[in-house]
Asks: 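This is the structure I want to talk about, given as structure tokens.
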Amino acid sequence: MKNGNAKSAKDTVFYIITYAIMVLLMFICLYPFYYVFIYSISDSSAAQKGLTLLPKGLTVANYIKVLNLDGIVNSFFISLARTVLGTMITVLACSFFAYLVTKELYGRKIIYRFVIITMYFNSGLIPYYLTMRSYHLTNTFWVYVVPSAISAYYVVLLKTFIESLPMSLEESAKLDGAGYVTVFARIVFPLSKPILATITVFAAVAQWNNWFDNYIYVQSDTLKTLQLMLYDYLNQASQISQMSTSSLQHGAAAANVTAQSVRMTITMVATLPILCVYPFMQKYFVKGIMLGAVKG
Amino acid sequence: MIQVGRFKFKKERVTLTLLAVPFIVFIFAFCYVPLFGWILAFINYKPGLKIWDCDFAGLYYFKLIFKEWRKMSSVLKNTLGMSFLGLICTPLPAIFAIFLSELPSVRFKKLVQTFTTIPNFVSWVIIYALSYALFSSEGVVNQVLMNAGVLEKASNIIGNSNATWYFQTALSVWKSLGWNAIIYFAAIAGIDSELYDAASVDGAGRFQRILHITVPGISSTFFVLLLLQVSNLLSLGVDQYLAFYNSMVADKILVLDLHVYRLGLVTQDYSYATAVGIFKSLVSIILLFSVNSLSKKLRGESLV
């Protein structure tokens with residue numbers, strides 16, 4: 001009996017410590033987002049004096065100010081467009097190609113190896129940059145969505161999945177005279193929904209977050225993504241203060257919005273889409289990493 | 001059936017192969033064609049000139065790497081320094097997963113997993129913005145520490161070159177801890193629960209069970225990930241360091257990938273940048289093969 005009590009006391013201590021550490025970890029992961037959020041909805045000058053846990057002087061002035069900044073709305077739509085279009089291209093191209101690779105085409109093994117090898121080397125930044133330039137992709141929207149169309153990793157995941165599908169449906173469709181494209185569109189694609197969902201999520205997050213391609217390939221302001229917009233604002237404090245004065249001249253209601261509030265609000269605008277869709281997508285992330293692990 | 005000379009082709013297979021051709025061309029154009037750019041390292045490339053109009057430089061740019069070794073060694077030191085700090089931190093996701101798995105509440109575990117995975121899905125620009133909000137001189141961390149009397153005056157860790165390596169490593173851990181733990185959760189879930197019951201019957205305590213059942217159960221996963229990380233020692237990527245790059249920490253944050261970027265696209269020294277990039281690729285491939293044969297020897301399984 002005594003022994004049992006000692007054991008459960010030990011357990012209790014273990015649980016308390018572990019729970020405490022886990023709560024602390026959650027706090028460390030979430031607080032930065034929370035802080036930026038309360039900063040973005042707080043009155044600018046009150047926020048400057050210090051915020052910790054609660055917003056001060058609730059206001060939407062920061063958001064109004066940010067939405068009125070030159071190019072912000074445009075960059076939001078560029079980011080959205082590249083995410084939607086880029087993801088669609090990647091998912092369709094990778095899945096159709098993976099489907100073809102599961103079929104008996106000539107040189108199938110060589111073709112598959114030709115794809116796999118690309119996972120283990122790359123040309124490096126400069127040759128790649130010059131290649132994009134020679135294809136006239138620099139300073140176009142296409143550089144966001146075309147080079148990422150086929151990823152060897154996704155092709156591997158999809159091929160493995162498609163190979164596990166039952167052949168019988170496909171064969172009966174074939175007997176009815178359906179071609180490969182029809183079979184793919186009507187049968188294989190719908191049946192692959194679980195893996196397609198995972199890849200859609202991966203590709204979409206990658207598209208939304210990518211700013212380096214914008215940074216090096218695209219100089220045009222009309223094609224600027226939200227992420228790069230944020231990067232520029234973080235690095236050009238002076239520019240923002242100039243903009244504040246110009247908005248003062250315009251007599252905007254949000255005249256006394258500080259540069260810091262602007263930065264925090266743009267950060268929030270760039271993060272919110274991810275935070276909003278995240279809970280719905282989490283299970284697909286987990287599935288994806290497990291599929292990758294099986295492969296590795 | 002189509003017959004060309006002695007060869008017979010099935011019509012169906014020809015159709016399939018033709019459908020695949022555009023994809024093969026695409027992969028060739030975007031993954032293989034850029035490799036021809038390696039030629040830049042062997043000529044004196046000037047932007048605007050055609051490749052065949054440039055002088056042949058031989059191994060000049062590769063020799064330059066060693067001639068300017070002082071710069072290069074500082075870059076390598078930063079790269080390897082942060083890589084090794086990262087390697088030291090590889091057990092953290094495993095430890096996190098082990099302790100979280102010990103908790104009884106399924107709901108709480110899910111909650112912790114959800115929240116700790118979020119940072120993996122934001123870009124480095126956003127992490128830079130978050131760090132700026134938290135750690136800059138006017139940031140909340142400084143304010144709290146000064147109010148508590150721990151700090152006398154504000155210190156800005158983003159601009160502190162002595163802290164750069166540790167700070168960047170800590171940020172990487174923050175970003176990836178929950179995400180990297182997912183694979184360990186799965187490995188732990190795959191361990192036969194009878195092992196734990198049997199151990200309990202034999203009088204094993206919690207830590208003995210962890211040490212003798214859980215740890216061996218996830219060790220192969222751990223080693224695979226560790227070896228893969230070793231093969232990527234030089235490839236820290238450019239996003240993170242570019243986002244956090246500033247003149248105060250420039251000496252400590254310049255990693256190999258960022259160095260290549262700056263040589264090429266900032267100073268426009270394409271040939272030298274390509275040479276450094278090739279140097280990096282070669283070392284990385286050697287690392288990958290050594291790690292792979294090490295894995296074969298130790299585990300009897302290859303990685304790639």
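Since we're looking at a predicted model, the values are computed, not measured.
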Asks: With a 4.5 angstrom heavy-atom cut-off, could you sort out which part of Ala206(A) is near chain B: side chain, backbone, both or neither?
Replies: neither

Asks: Which bit of Ala41(B) is near chain A, if near means a heavy-atom gap under 4.5 Å: side chain, backbone, both or neither?
Replies: neither

Asks: When you look at Glu12(B) and Tyr180(A), which way does the side-chain hydrogen bond (donor to acceptor under 3.5 Å, both in side chains) test go after all the steps?
Replies: CA-CA 9 Å; Glu12(B) 209 174 80; Tyr180(A) 285 107; 3.2 Å; yes

Asks: Using 0.5 Å steps for rounding, measure from the CG atom of Leu134(B) to the OH atom of Tyr31(A).
Replies: 6.5 Å

Asks: Measure across Tyr106(A) and Lys10(B) and return the closest heavy-atom pair with its distance rounded to 0.1 Å.
Replies: OH-N, 3.0 Å

Asks: Name the region of Leu137(A), side chain, backbone, both or neither, that has any atom closer than 4.5 Å to a heavy atom of chain B.
Replies: side chain

Asks: What distance separates Leu105(A) CG from Leu16(B) CG, expressed to the nearest 0.5 Å?
Replies: 5.5 Å

Asks: Can you confirm whether or not the ring centre of Tyr32(B) sits under 6.0 Å from the ring centre of Phe114(A)?
Replies: yes

Asks: Run Ile126(B) and Thr267(A) through side chain to side chain contact (heavy atoms under 4.5 Å, CB included) and show every step you take.
Replies: CA-CA 6 Å; Ile126(B) 287 175; Thr267(A) 308; 4.2 Å; yes

Asks: Non-hydrogen contacts under 4.5 angstrom with chain A: give the residues of residues 271-284 of chain B involved, or none if there are none.
Replies: Ala273(B), Thr274(B), Ser281(B)

Asks: Do any N or O atoms from the side chain of Tyr278(A) and from the backbone of Phe115(B) form a donor-acceptor pair under 3.5 angstrom?
Replies: no

Asks: Is chain B contacted by the side chain of Phe121(A), its backbone, both, or neither, given a heavy-atom distance below 4.5 Å?
Replies: side chain

Asks: Would you confirm whether the ring centroid of Tyr19(A) sits within less than 6.0 angstrom of the ring centroid of Phe108(B)?
Replies: yes

Asks: How far apart are the C-alpha atoms of Ser123(A) and Phe36(B), what are their side-chain angles, what is the distance that settles it, and do they pass the side chain to side chain contact (heavy atoms under 4.5 Å, CB included) test?
Replies: CA-CA 8 Å; Ser123(A) 59; Phe36(B) 292 109; over 6 Å; no

Asks: Under a 4.5 Å heavy-atom cut-off, does chain B meet the side chain of Ile116(A), its backbone, both or neither?
Replies: neither

Asks: Which region of Val101(A), side chain (C-beta onward) or backbone (N, CA, C, O), has a non-hydrogen atom less than 4.5 Å from a non-hydrogen atom of chain B, or is it both or neither?
Replies: neither

Asks: Report the distance from atom CG of Leu51(A) to atom CD of Gln143(B), rounding to the nearest 0.5 Å.
Replies: 7.5 Å

Asks: Relative to chain B, which segment of Leu130(A) carries a heavy atom at a distance below 4.5 Å: side chain, backbone, both, or neither?
Replies: side chain

Asks: Relative to chain B, which segment of Arg108(A) carries a heavy atom at a distance below 4.5 Å: side chain, backbone, both, or neither?
Replies: neither

Asks: Specify the closest pair of heavy atoms between Asp11(A) and Arg206(B), including all atoms of both residues, with the distance to one decimal.
Replies: OD1-NH2, 2.9 Å

Asks: Minimum heavy-atom separation for Val146(A) and Phe26(B), please, with both atom names.
Replies: O-CZ, 3.1 Å

Asks: So for Val144(B), is it side chain, backbone, both, or neither that comes closer than 4.5 Å to the heavy atoms of chain A?
Replies: side chain

Asks: If you take the centroid of each ring, where Trp contributes its six-membered ring, are Tyr128(B) and Tyr231(A) closer together than 6.0 Å?
Replies: no

Asks: Rounded to the nearest 0.5 Å, what separates atom OH in Tyr129(A) from atom OH in Tyr270(B)?
Replies: 4.5 Å

Asks: With sequence neighbours excluded, what pairs up with Thr116(B) under the side-chain hydrogen bond (donor to acceptor under 3.5 Å, both in side chains) test?
Replies: none

Asks: Working to the nearest 0.5 Å, report the span between CZ of Phe14(A) and CD of Glu102(B).
Replies: 5.0 Å

Asks: Side chain, backbone, both or neither: which part of Leu40(B) has a non-hydrogen atom closer than 4.5 Å to chain A?
Replies: side chain

Asks: Between Phe121(B) and Leu275(A), is there a side-chain heavy-atom distance shorter than 4.5 Å?
Replies: no

Asks: To the nearest 0.5 Å, what is the distance between OH (Tyr261(B)) and CD1 (Ile126(A))?
Replies: 9.5 Å

Asks: Closest approach of Ser123(B) and Trp211(A), non-hydrogen atoms and distance?
Replies: CB-CD1, 4.4 Å

